[in-house]
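One structure below.
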Amino acid sequence: LSRWLYKITETNPGSLTYQHVDAAGKFKYAFVAFGPSIRRFSLMRRVIAVDVVDAENGASWKWFFRGLSQKIPDASDLVFKLVSRLGAAMLLNVYQVDRSEFEVKNETMKFVVDLEKRHCTCNVFDIDKILCIHVIAAAKHIKRDENRFVDASHLTETWAKAYAESIHPGGELSTSTYPENIDELSCPPPATKKKSGRPPTKRKRSVGEFGVPGSKSQSHKCSRCGTGGHNKITCQRPIG
């Protein structure tokens, strides 16, 4: 792992990598932030989507965010978060207050939209920077192109710049040159718990394979010889 992390930083300048071991010196965590992704983050909205796995705990997340903060410091506009809007927007009632402010109503609630400030009291527009149904309805009410109110971070030109750089593979590890102390950073894999019960002796078949419970292949028989596992086209038994 230490060699792979080294090669990543070598082939992708500006990358940030960490590895962490437990009290026994065995692998525990690894953190990788690619240089191209770090540099191009400034072009994107300050939103980071986090995929949570049940096995992960508070300690691992604290370690991850400490590594992340080395390149992306916390700020008031940094958001961590988890969409046909047009059709729904056309069903809303819109009342124009002034040049840029509107009251938008559905069957049960009222929302205030300010196109100039790019604000809606539903907060979807403010956070996502993508048009909510209330903003679309307000823009359509005054026959304005709603797309002009989309944040620049969602424009095609911005996305093209954001992905202009490539992330390069580390290459063959066994033939690469490393610093003399690279092996000092190596660590054994983490300890694993052996599952209870007997280990399986047969491979688990995929859906569609012959013999899988519930699949058509389980009950399929050759119409020529009556044997399962093949059909009359592939049957090789002689006709008796």
Side-chain angles (χ1 to χ4, degrees), residues 14-16 18 31-54 56-167:
S15 296
L16 186 67
Y18 297 112
F31 178 90
V32 179
F34 293 100
S37 299
I38 294 171
R39 287 188 289 275
R40 298 297 169 169
F41 185 71
S42 61
L43 296 168
M44 310 297 290
R45 286 180 53 221
R46 295 178 62 79
V47 176
I48 298 175
V50 180
D51 183 15
V52 178
V53 179
D54 291 340
E56 292 163 344
N57 53 41
S60 63
W61 281 117
K62 287 180 181 178
W63 188 88
F64 168 77
F65 286 119
R66 277 202 305 270
L68 186 66
S69 65
Q70 298 300 309
K71 288 296 182 181
I72 305 175
D74 191 17
S76 59
D77 62 341
L78 179 63
V79 180
F80 290 85
K81 60 179 290 287
L82 206 183
V83 259
S84 125
R85 290 184 175 176
L86 180 59
M90 303 310 294
L91 301 176
L92 301 176
N93 295 314
V94 181
Y95 304 92
Q96 188 168 2
V97 179
D98 57 28
R99 187 174 60 87
S100 64
E101 189 175 37
F102 302 82
E103 183 181 67
V104 182
K105 301 170 64 174
N106 58 22
E107 294 180 353
T108 59
M109 298 184 67
K110 301 177 182 179
F111 301 90
V112 178
V113 172
D114 192 316
L115 293 178
E116 185 176 346
K117 296 180 179 178
R118 286 172 165 72
H119 166 72
C120 177
T121 53
C122 76
N123 289 324
V124 172
F125 186 37
D126 304 55
I127 295 174
D128 286 350
K129 305 300 182 183
I130 298 176
L131 309 183
C132 62
I133 59 175
H134 315 110
V135 172
I136 295 175
K140 290 293 186 184
H141 183 74
I142 56 174
K143 296 180 173 53
R144 299 281 296 277
D145 181 8
E146 67 274 13
N147 292 311
R148 70 182 297 271
F149 299 104
V150 175
D151 190 78
S153 60
H154 293 293
L155 299 179
T156 304
E157 310 89 78
T158 305
W159 281 75
K161 293 177 182 177
Y163 292 96
E165 289 191 66
S166 300
I167 296 177

Inset, instruction - Supply the atom-to-atom distance His134 NE2 to Lys110 NZ, rounded to the nearest 0.5 angstrom. - result: 13.5 Å
Inset, instruction - Mind checking the CD1-CG spacing from Ile130 to Asn147? Nearest 0.5 Å is all I need. - result: 11.5 Å
Inset, instruction - Kindly give the heavy-atom pair with the smallest separation between Ala138 and Val113, and that separation in Å. - result: CB-CG1, 4.1 Å
Inset, instruction - Specify the closest pair of heavy atoms between Thr158 and Leu43, including all atoms of both residues, with the distance to one decimal. - result: CG2-O, 3.2 Å
Inset, instruction - Verify, without hydrogens or angle tests, whether Lys129 (side chain) and Asp126 (backbone) share a donor-acceptor contact under 3.5 angstrom. - result: yes
Legend entry - Whether Phe31 and Tyr18 hold their rings parallel, tilted or perpendicular, with breakpoints at 30° and 60°: tilted
Legend entry - Atom pair CD1 (Ile142) and CZ (Arg99), whose distance is rounded to the nearest 0.5 Å: 9.0 Å
Inset, instruction - For Ile167, enumerate each residue passing the side chain to side chain contact (heavy atoms under 4.5 Å, CB included) test, keeping only those at least two apart in sequence or located in another chain. - result: Asn12, Phe34, Pro36, Ser37
Legend entry - Donor-acceptor contact below 3.5 Å, side chain Asp151 vs main chain Ser153: yes
Inset, instruction - Sequence neighbours left out, what passes side chain to side chain contact (heavy atoms under 4.5 Å, CB included) with Tyr163? Give chain and number order. - result: Trp159
Inset, instruction - Kindly give the heavy-atom pair with the smallest separation between Leu16 and Gly67, and that separation in Å. - result: CD2-O, 3.7 Å
Legend entry - Gap separating the CD1 atom of Ile133 from the NZ atom of Lys140, nearest 0.5 angstrom: 14.5 Å
Legend entry - Considering all heavy atoms, the nearest Val97-Glu103 contact: CG2-N, 4.1 Å
Legend entry - Under 3.5 Å: donor-acceptor pair, side chain of Arg118, backbone of Phe125: no
Inset, instruction - Hey, could you give me the CG/OG distance between Asp114 and Ser100, rounded to the nearest 0.5 Å? - result: 4.0 Å
Inset, instruction - Would you name the heavy atoms of Val135 and Cys120 that are closest together and state the gap between them? - result: CG2-CB, 4.2 Å
Legend entry - Heavy-atom pair of closest approach, residues Glu146 and Leu131: O-CD1, 3.0 Å
Inset, instruction - Report the residues that fulfil side chain to side chain contact (heavy atoms under 4.5 Å, CB included) with Asn106, sequence neighbours left out, ordered by chain and then residue number. - result: Leu92, Thr108, Met109, Phe111
